[in-house]
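Convention: sequence-line order gives letters A, B, ...; per-chain numbering from 1.
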2 protein chains.
Amino acid sequence: MSASTKLSSSVKALCFLAESYPEPKTSNEIGENTGINASKLRKLLSLLSKGKIVTSNQGTKGGFQLLKAPKNINLQEIYCTIEDRKAFHLKVSEINGQDEYDYLGYFDNLFSTIQVEIENKMTKISLLSIMNDLKIKSKFK
Amino acid sequence: MSASTKLSSSVKALCFLAESYPEPKTSNEIGENTGINASKLRKLLSLLSKGKIVTSNQGTKGGFQLLKAPKNINLQEIYCTIEDRKAFHLKVSEINGQDEYDYLGYFDNLFSTIQVEIENKMTKISLLSIMNDLKIKSKFK
DNA sequence: AAATATGTTACACTTACTATAACAAATAGG
DNA sequence: CCTATTTGTTATAGTAAGTGTAACATATTT
């Protein structure tokens, strides 16, 4: 799954959980509502569970529930939880090695500073602000 | 070729042309110096030629030459010339359609504003400043 | 005319992504 | 304790994208 797909899928799932809080929702239910494959959802939500953003319970009457308030969840946090890399990592690994000059170091440094800016931007965006923009009402206050 | 690979390969080639200016260099010569495949280089340099950043000449005594001064070439310009998309386009196409809410529009908008910031950053970086950082001497003044 | 070099297309190879299936582990209820 | 349910994880098949290289037409110089 690509970085942006993971992020948007996670946001969709979290919005649905906020909308239907406090009722626990199974991966199948979330899948029906969001159009995302239930197996993909379980992968993402298990990571979000480890990151203490949702709770998960197996078995009958199990499912996923939102754990943190939407106003206290930001995009950067979601991204870091579902992706082991830094936000929108730009590859420099393909730059051919053994150069006379340190191009790899240069681009690595450049892309790092760009990433810091992206992260700063995403940190400022809360799940609640996204829901407000999309006119989704959160039941998690 | 990925976005970042294209960009770094182009920068390497342009640095070499600035370093060896005004001598025209063939794709094979650039390839030997940079470690980049000559065929790949010709693809990139033909685009840079259309973008008036280098000149190209076929036949004996042909090859590529820098056309613009390194201080007047910036990263954004290089990127736009070799890539038809905007800088480091973040995909949103994979977000599943037919939603109750406009997630696609939201992320499209978010990623667009991030892209604008990246573009602004890259516009401020000239080829000359990269060469200075890497301690490469330009013969194109 | 011959040699050289770009410009472009094509192709095989590898890697990454996508979607889905399968099943073990955990939980709830009777 | 047994069954149904649901997460968590692994595997797999199919598709798409990226990489490296080759081939050859086109253009230019000598």
Integer-rounded Å distance: dA27(D) P and N57(B) CG:
14 Å
At less than 3.5 Å, do the side-chain atoms of T60(B) and the base atoms of dA2(C) form a donor-acceptor pair?
no
Base of dT27(C), side chain of Q58(A) - is there a donor-acceptor contact under 3.5 Å?
no
Side chain of S56(A) only, please: which of dG20(D), dT7(D), dA19(C) is the nearest?
dT7(D)
Base, sugar-phosphate alone, or nothing: which one does T26(B) contact when heavy atoms must sit under 4.0 Å apart?
sugar-phosphate
Report the distance from atom CZ of R42(A) to atom P of dA25(C), rounded to the nearest whole Å.
16 Å
Check whether any side-chain nitrogen or oxygen of S27(B) sits under 4.0 Å from OP1 or OP2 of dT6(C), and answer yes or no.
yes
As a test of reading the structure: which of dG8(D), dA23(D), dT6(C) is closest to the side chain of S49(A), going by heavy atoms?
dG8(D)
T5(B) side chain, from C-beta outward: closest of dT19(D), dG8(D), dT8(C):
dT19(D)
State whether E77(B) and K68(B) are salt-bridged, where the test is any N-O pair (Lys NZ or Arg NE/NH1/NH2 against Asp/Glu carboxylate O) under 4.0 Å.
yes
Along DNA chain D (nearest heavy atom to each residue), the more 5'-positioned of L45(A) and K61(B)
L45(A)
N/O (side chain, K50(A)) to phosphate O (OP1/OP2, dT9(D)) under 4.0 Å:
yes
Checking the side chain of S129(A) only, and the main-chain atoms of S126(A) only, is there a donor and an acceptor separated by less than 3.5 Å?
yes
